[in-house]
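Nothing fancy with the numbering, it's 1 onward along the sequence.
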Amino acid sequence: MRKRGLAVLATALLVVPLAPGAAAAADPAYPFRDPSLPLVTRIDDLVGRLTLDEKISLLHQYQPAIPRLGLGVFKSGTEALHGVAWSNSYPQNGAKIDATATVFPQAVGLASTWDPELLKRVGSAVGDELRGFHAQDPVVWGLNTWAPVVNLLRDPRWGRNEEGYSEDPLLSGEIATAYGQGLQGDDPDHLKTAPTLKHYAAYNNEAKRDVTSSNVPQRVLNEYDRAPFRLALENGAATGVMASYNLINGRPATVDPDLGTLVREWSEQRLFNVSDAWAPTNLTGSQAYFATQAEANAALLKAGLDSFTVNDTNAVPTVTAINEALQQGLLTESEINESAGNALSIRFRLGEFDPDGGPHAGITADVIDSPAHRALARETAAEAAVLLKNDKNLLPLKPGGDVAVVGPLADKLYTDWYGGQLPYQVTALDGITERAKEVTTSFGADRIALKEVTTGRYLNATDGPAGLGEKTTASEFDSVDWGDGVSTLRSVANGKLLGYGWGPFVTVEENPTGWFVQQQFKVEEQSDGTVVLHYAGYETQEPWFGANTYVTVGADGNLALGSATAAGAARFSKELLVDGVAQAAATAKKAKTAVVVVGTDPFVAGREVHDRTSLGLGERQESLIRAVRRANPNTVVVLQSSYPQSITWAQQHVPGILWTTHAGAETGHAIADVLYGSVNPSGRLTQTWPRSEAQLPADLNQYDIITTGQTYLYSDEKPLYPFGHGLSYTKFRYGNVKITNGTVSVTVTNTGSKAGDEVMQLYTHQRTSRDVTPAKQLRGFQKVHLAPGRSTTVTLTLDRRDLARWDVTRQRWVVENSVHDILLGSSSSDIRARATLAVRGETIPARDLTEETRAETFDVYAGVKLLDETKERGTVVGASTAGDWIGFRDAALRGGRSLTVRASGAGSVEVRLGSPAGRLLGTATLSDTGGIYEYASATATLRPVSGRHDVYLVPSPGLRLAAFTIR
C-alpha cells in the first residue's frame, strides 16, 4: 500500500505545475521566508515542515509543486554552455525546447580569449538572458544551469572537445571560475543562476562511455583531473557538480565517494550535486553494479549526489526506489533530509523564497539578444580568434580591394548540440563584403548525380521519399566532405539534406540535427568504379539498430537500408556535374586575395556519444585549400572548427591562417574585424595541435597523461602548433624577470606599429624531483593591452604552494626542495624571459614498506588496472594478464623476512628486486576469498634484503591487491 500511495502522491504532485512565482502566496510568517535569517536556519525550517514523501519528491530532476507551503515547480538543468541553449518542457514530458538567444563562441573558443574578465562578462550576459527566459516561463526555464564543462581536453579526438576549455588544469579552472561567477552574479547572498560543473571526473571518451573505466593513477587524478573542479569550487564559482557517465578506477562516477567528501570540502557553500541523464539506471543496467534500483539509489545518495536525472518528468520510479531503500534500511531519513536540504539550498540562494524574489527577479526578456549582448558576442568572437600563421604580413588586409570568399563555410554558420538557435546570421562572406570593394564567392563543394547502374535511373530527392527517377534538378546534390570519410548530400532542388528519417530517405532538414544525426553518408568507391552509399547516421552505432547500414533500392524504387555490406548495396555511377574545387580555384584566381573558409560541422563526424578517429579535414576540403593556394598566392585560410585540425600542408604553404570556433551569429563580423585589422588578434590556443593523430596514443582511453606523455605537460613530440600559440599584428619584447615575495614581474613592451594585446604566460619547470614532472606547467597568465612603443610591468603571483604536487608515498601534497625554472613567454614553446627560483621544501624520504602500503600508490606499472576496493570506497590493483606488475621506487628495506598481502580473489603475488623480472624474494599465495569484495591476508617468507631498492610486485590475473607490508 505504501508503494502505491507514494506513486499516487508523486503523480499528483507532478500534475500541479505551480509556478515558482506563486510561492510568495504562502504564509509569509514562516521563518524560511525571512531573508534576514541565516541560510542554514531557513533551510532547516523548510525541511522540517516537509513530510517524508515531500522531501523524497525533491530528489528528482523535476521537483514538483508543494502547494500547501507555496513551493512551485523547480527543474534542475538548463543548458547554457555558451549562451542559453535549451531546456525541457515540464508539461510536455521533457520535450526539448530550444532557445533563440545570444550565442557566444563555443567553450573552447571562449577559453581561447585567455581573458577571465571578458568571460565573466559573457557569463553575466548568459545569466541575464536565462533570467529573461525564466521571466517568460519559469517552469521550462529553470535557473540551475548545467555549465560550465571543465573536463580537460586531454585528447582532441574526444567527441565533446568543443564543450571543454583547455588541456591545462589552471587555465580551465580560471576560465570556469570567470564564466561561473558571471552566471551567478555579484550579489553576496543571492544567485542570478546556479551553475553546475560538468562532468566529474576523468571523462574524455564517448564510445561506450557508460561502461568504460578511466584508469587514473593517483598523481594524475589529483594533479590533473580533479584540479579544475577544485579551483572553480574553491573560488565559489559553482553550486555543485554533475557526475560523469564513466567509471573511475572501476567504480561508476555516479557513486564516487568524492561527491560527498572532497568535492564538498572544496566549497564554502552547500552544494547541490546532480546525476547525468539516465545515469541512475545505468547502475542497474549497462553497468550492472547493483541488483536493484533501491540499492542503486541509496548508494547514489550516500555517495553525495542529490538529484536523479532520469525518466524524464516521471518521478515515480525514483520515488518508489528510494522508498524501498528506506524500508530495507539502506537509507535513513536523515540522509534524505541532507539531500533535500541541498536541493533547496540553491532555491533559497536564487531568491525563490524571498518575498520580493531576490535582487535578480526584475530581469525581463528584454535582455535576450539585446544590442549590448550582440556587441559583446562580436567582441568575444573576435577576441577568441587565433592567428596561426601570417607570412610576409599578408594580414591585415586593406579595406577595399577585391576578394574571393570560397569554401563550404564561406556563407554558412553552424550551431552545436549545446548551443542555442541563432537569432540572425552574419557569415564570413557577409562580414568581408562589408569591407571589400568587390567580392566573388564559390561554395567549393562538388555537385554530383548518382545513377543506379542496373536501371540507369538517377537518385532523386525532393519533398517525398528519395528514390530513383529521371534526371532532373532533383537528381543533383551538393556534397561536402566533413572528415572521417563522412559527407552530407544537399538536394539542389529544395536545398535540404538527404537523411534517413527513420524510414524512407527524405530531404527535409536544413542542417544536420537531432540526437541521432541522420544526414551523414560515406560515399564509398568500389573496385569496378562505382560507388555505394554507406549510411552513417549516429543511431547505426547503437546495439539495437541492426546490421543493415548500406543503401539499397526497394521494390517501390525508393531508397532503403537493406544490406550489411557493400556487396549487397545499390551501385551508382557518380557523375561530377560541377567540380567545386576547380570552380573555387577559378574564382580565387581572378581576385587579389582569396579567403578559403573551411572546417567542421559540430553535428557531423563526431559529437557527444561519438568520438573522432582523425584530426584531418575532409579530403575535398584539403584539396580545396591546395587548389586555391595554387591559383592565388595571396591565400588566407579561415578555419572554423571545434577542435584541433592537422592542417600540416596549409601550415607549410598557405601564408595566412586564422582559426575560430563556431562563434555564433556574429562570427562573420568577428572574422572580418580580425582579417582587416579592426581587431588585432590576441587569441591563444588552449590545447596542443598535433601534426597528426599519430602523435596521440593509439587508444583514446589512455588517461594516464604522465606515462603516455600526453598534452604539453608531458609530451616530447613537436606539435603543429603548441599550447598557448597565437600571433599578433604587432610584436612584444620582454624585459628581465624579477622574483620578489611570491611574485614574478616582467616588463612587456610593444615594439611594433600597432596597438595590441599580449597574453603573457608564466610557466615553471622543476629541475629535480623524486618523480617525473612536467616539461613545463602553466602557473599564471595575463592579457595586457599596449599602444605602440608603450611598456607595462606585469606582475603575477607565484606562491610556493602553487608548486606542490602529489606525493604517492605519503598520500599528501608536497613541495619538494628544488630549483625551478621560471619561464615567461607568448606560448609554451615561445619563451621570451627566464629566471630561476630556489624553493626550500621537503626531500621525499625513502618508502617505508614496513607500514601497510596501498597497492594503488605505485610509482610505475605495466598492464594492471585500477579497480574498486568496495562498492563504497577504495581503490585496488588488478592484473589483466600474466606478467603485469607494479613498482615502488626507492624503498628502504631493513632485512625484511616476510611479505603480507591483503587481496581478494585467488592467486599469488611475487616480490622482485630491481625490475619486474629481477631477483625473486618470495611469493605470497591467496586461496579464493569467495568474492571480489571479500578480502583476506596471506603471508610469505622472503629472502632477507637490506638497503634502498626498487621493489616490484607481480600479481597473478584474477587477484585484486589492496595493500601489502614487508617486515
Take the angle between the ring planes of Tyr721 and His725 and call it parallel below 30°, perpendicular above 60°, tilted in between.
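Parallel, since the angle between the ring planes stays under 30°.
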
Parallel, tilted or perpendicular, as decided by the 30° and 60° cut-offs, for the rings of Phe603 and Trp417:
perpendicular

Determine yes or no for a side-chain-to-main-chain donor-acceptor pair under 3.5 angstrom, with [X] supplying the side chain and [Y] the backbone.
X: Asp416; Y: Gly419; value: yes
X: Ser491; Y: Ala461; value: yes
X: Ser475; Y: Thr472; value: yes
X: Thr600; Y: Pro602; value: no
X: Asn161; Y: Ser642; value: yes
X: Thr212; Y: Lys208; value: yes
X: Lys389; Y: Val654; value: yes
X: Asp402; Y: Lys592; value: yes
X: Asp611; Y: Ala207; value: yes
X: Asp478; Y: Ala445; value: no

Residues in side-chain hydrogen bond (donor to acceptor under 3.5 Å, both in side chains) contact with Trp649, at least two apart in sequence or another chain
His653

Within the structure provided, determine whether [X] and [Y] are in side-chain contact (heavy-atom separation under 4.5 Å).
X: Asp411; Y: Val405; value: no
X: Asp369; Y: Thr100; value: no
X: Ile432; Y: Leu397; value: no
X: Trp515; Y: Val609; value: yes
X: Ser563; Y: Val532; value: no
X: Phe505; Y: Pro465; value: no
X: Pro105; Y: Thr660; value: no
X: Tyr500; Y: Phe516; value: no

Does the gap between the ring centers of Trp158 and Tyr203 come in under 6.0 Å?
yes

Examine the side chains of [X] and [Y] and answer whether a donor and an acceptor come within less than 3.5 Å of each other.
X: Thr507; Y: Asn494; answer: yes
X: Glu162; Y: Tyr418; answer: no
X: Asp528; Y: Thr530; answer: yes
X: Asp601; Y: Thr488; answer: no
X: Asp430; Y: Thr427; answer: yes
X: Thr454; Y: Glu452; answer: yes
X: Thr513; Y: Glu509; answer: no
X: Gln687; Y: Tyr165; answer: no

If you apply the rule side chain to side chain contact (heavy atoms under 4.5 Å, CB included), what do you find for Phe521 with Ser479, and how did you get there?
CA-CA 10 Å; Phe521 297 87; Ser479 173; over 6 Å; no

Any salt bridge between Glu206 and Arg612, counting N to O under 4.0 Å?
no

Between Glu79 and Lys96 (salt bridge meaning N to carboxylate O under 4.0 Å), is one present in this structure?
no

For Glu470, look at atom CD and say whether over 12 heavy atoms of other residues, nucleotides or ligands are found less than 6.0 Å away.
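Count not over threshold, so no.
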
Please say whether more than 12 non-hydrogen atoms of neighbouring residues, nucleotides or ligands are located less than 6.0 Å from CD in Glu525.
no

Exactly one of Val674, Asp673, Thr667 should register a side-chain contact (heavy atoms from CB on, under 4.5 Å) with Ile671. Which one does?
Thr667

In Å, rounded to the nearest 0.5 Å, how long is the span from [atom1] of [X] to [atom2] of [Y]?
X: Arg571; Y: Leu533; atom1: CZ; atom2: CG; result: 12.0 Å
X: Gln106; Y: Leu81; atom1: CD; atom2: CG; result: 8.5 Å
X: Leu429; Y: Lys412; atom1: CG; atom2: NZ; result: 13.5 Å
X: Asn701; Y: Arg154; atom1: CG; atom2: CZ; result: 7.0 Å
X: Lys398; Y: Tyr676; atom1: NZ; atom2: OH; result: 12.5 Å

For [X] against [Y], the heavy-atom pair lying closest together:
X: Gln645; Y: Leu720; answer: O-CD2, 3.7 Å
X: Ala605; Y: Gly483; answer: CB-O, 3.7 Å
X: Val84; Y: Ala99; answer: O-CB, 3.5 Å
X: Pro512; Y: Leu497; answer: CD-CD1, 3.3 Å
X: Ala381; Y: Ala670; answer: CB-CB, 3.4 Å
X: Pro156; Y: Pro644; answer: CB-CD, 3.6 Å

Is there a side chain to side chain donor-acceptor pair (under 3.5 Å) between Glu666 and Tyr424 once you walk through the steps?
CA-CA 9 Å; Glu666 289 289 340; Tyr424 62 97; 2.5 Å; yes

If you apply the rule side chain to side chain contact (heavy atoms under 4.5 Å, CB included), what do you find for His610 with Val517, and how did you get there?
CA-CA 11 Å; His610 303 278; Val517 179; over 6 Å; no

Worked verdict on Thr688 versus Glu167 for side chain to side chain donor-acceptor pair (under 3.5 Å):
CA-CA 8 Å; Thr688 304; Glu167 69 184 39; 2.9 Å; yes

Please tabulate, for side-chain N and O atoms in residues 577-591, each donor-acceptor pair with protein atoms closer than 3.5 Å (sequence neighbours left out).
{"unit_1": "Asp579", "atom_1": "OD1", "unit_2": "Val581", "atom_2": "N", "d": "3.1"}
{"unit_1": "Asp579", "atom_1": "OD1", "unit_2": "Ala582", "atom_2": "N", "d": "3.0"}
{"unit_1": "Asp579", "atom_1": "OD1", "unit_2": "Arg620", "atom_2": "NH2", "d": "3.1"}
{"unit_1": "Gln583", "atom_1": "OE1", "unit_2": "Ser442", "atom_2": "OG", "d": "3.3"}
{"unit_1": "Thr587", "atom_1": "OG1", "unit_2": "Gln583", "atom_2": "O", "d": "3.0"}

Step by step, work out the side chain to side chain contact (heavy atoms under 4.5 Å, CB included) result for Val637 and Ile647.
CA-CA 10 Å; Val637 168; Ile647 51 170; 5.7 Å; no

List, one per line, each side-chain donor-acceptor pair under 3.5 Å for residues 544-554, sequence neighbours excluded.
{"unit_1": "Asn548", "atom_1": "OD1", "unit_2": "Ala564", "atom_2": "N", "d": "3.2"}
{"unit_1": "Thr549", "atom_1": "OG1", "unit_2": "His534", "atom_2": "NE2", "d": "3.0"}
{"unit_1": "Tyr550", "atom_1": "OH", "unit_2": "Glu524", "atom_2": "OE1", "d": "2.9"}
{"unit_1": "Tyr550", "atom_1": "OH", "unit_2": "His534", "atom_2": "ND1", "d": "3.3"}
{"unit_1": "Thr552", "atom_1": "OG1", "unit_2": "Ala560", "atom_2": "O", "d": "3.4"}
{"unit_1": "Thr552", "atom_1": "OG1", "unit_2": "Gly562", "atom_2": "N", "d": "3.2"}

